[in-house]
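Sequential numbering from 1 along the given sequence is applied to the chain's residues.
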Amino acid sequence: MKTNLASIGRWLAPLAIIGAIAGCSSTATVIPMADGHYQVIATGYSETGALNEALDEANARCAARGLEAYVLTRESQYQGIDKDAALIIDTVSAIARAAGSSGSYVSTRGPEDYRAVLTFKCGPQ
C-alpha cells in the first residue's frame, strides 16, 4: 500500500473540520437562584466550548445590568459516548475513508458531549 500526501489529506481534512466544529456549537440556560445568585448550564462538543459558553452567558446576563459576573463555583463533566469506544470508531472510520471506502459514517461527537455548570453572581465592575 503506497501512502502519499493526497491520501493523507483525504482523512486529515475531515478530522480538521470536526476539530473546528468542536469549539463552535453549544447551548446555555440560566437559572435564577436565591440570594441573587444564578446557575448557568451549558453543553458543547468540547469541555472548553461548554465552559466558555457558560461564562459568556454569565457575563452577558450581568453586563445587561451594567454589572460584572463573579463565578462562585464551576464544574464540568463528559457525558458523551465512551471515550475509548469513540477513539476506536473514529480510527476505523478514518482508515476506511483513507483506503477509499465510500460508505457513510456516524459521528461519535455531539453537541451535548460536555456539560458545564457555573454558579455566579453579578456585582460592581
I31 and V117: same hydrophobic cluster, using ILVMFWY side-chain contacts below 4.5 Å? yes
Under 4.5 Å between side-chain heavy atoms, counting indirect links through other Ile/Leu/Val/Met/Phe/Trp/Tyr residues: same cluster for V71 and M33 or not?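 No, because V71 and M33 fall into different hydrophobic clusters, even though each may have its own neighbours under 4.5 Å.
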What distance do [X] atom [atom1] and [Y] atom [atom2] have between them, rounded to the nearest 0.5 Å?
X: L87; Y: I81; atom1: CG; atom2: CD1; value: 11.0 Å
X: Q77; Y: D113; atom1: CD; atom2: CG; value: 12.0 Å
X: T48; Y: L55; atom1: OG1; atom2: CG; value: 12.0 Å
X: C122; Y: N59; atom1: SG; atom2: CG; value: 9.0 Å
X: R115; Y: Y78; atom1: CZ; atom2: OH; value: 15.5 Å

Give the minimum heavy-atom separation between [X] and [Y], together with the two atoms involved.
X: T43; Y: Q79; value: CG2-NE2, 4.2 Å
X: L51; Y: E75; value: CD2-O, 4.3 Å
X: R74; Y: L118; value: CG-CD2, 3.3 Å
X: G44; Y: A50; value: N-CB, 3.8 Å
X: L67; Y: G123; value: CB-O, 3.3 Å
X: A54; Y: V40; value: O-CG1, 3.5 Å

Are any side-chain N or O atoms of Y114 and backbone N or O atoms of G80, one a donor and one an acceptor, separated by less than 3.5 Å? no
Let me know which of Q39, H37, R61 forms a side-chain contact (heavy atoms from CB on, under 4.5 Å) with F120.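 Among Q39, H37, R61, the one that satisfies the side-chain contact (heavy atoms from CB on, under 4.5 Å) with F120 is R61.
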Answer yes when D90 and R109 have at least one side-chain N-carboxylate O distance shorter than 4.0 Å, and no when they do not.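 Looking at R109 together with D90, the answer is yes, because their closest N to O distance falls below 4.0 Å.
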Going by heavy atoms in the side chains, are C62 and Y38 under 4.5 Å from each other? no
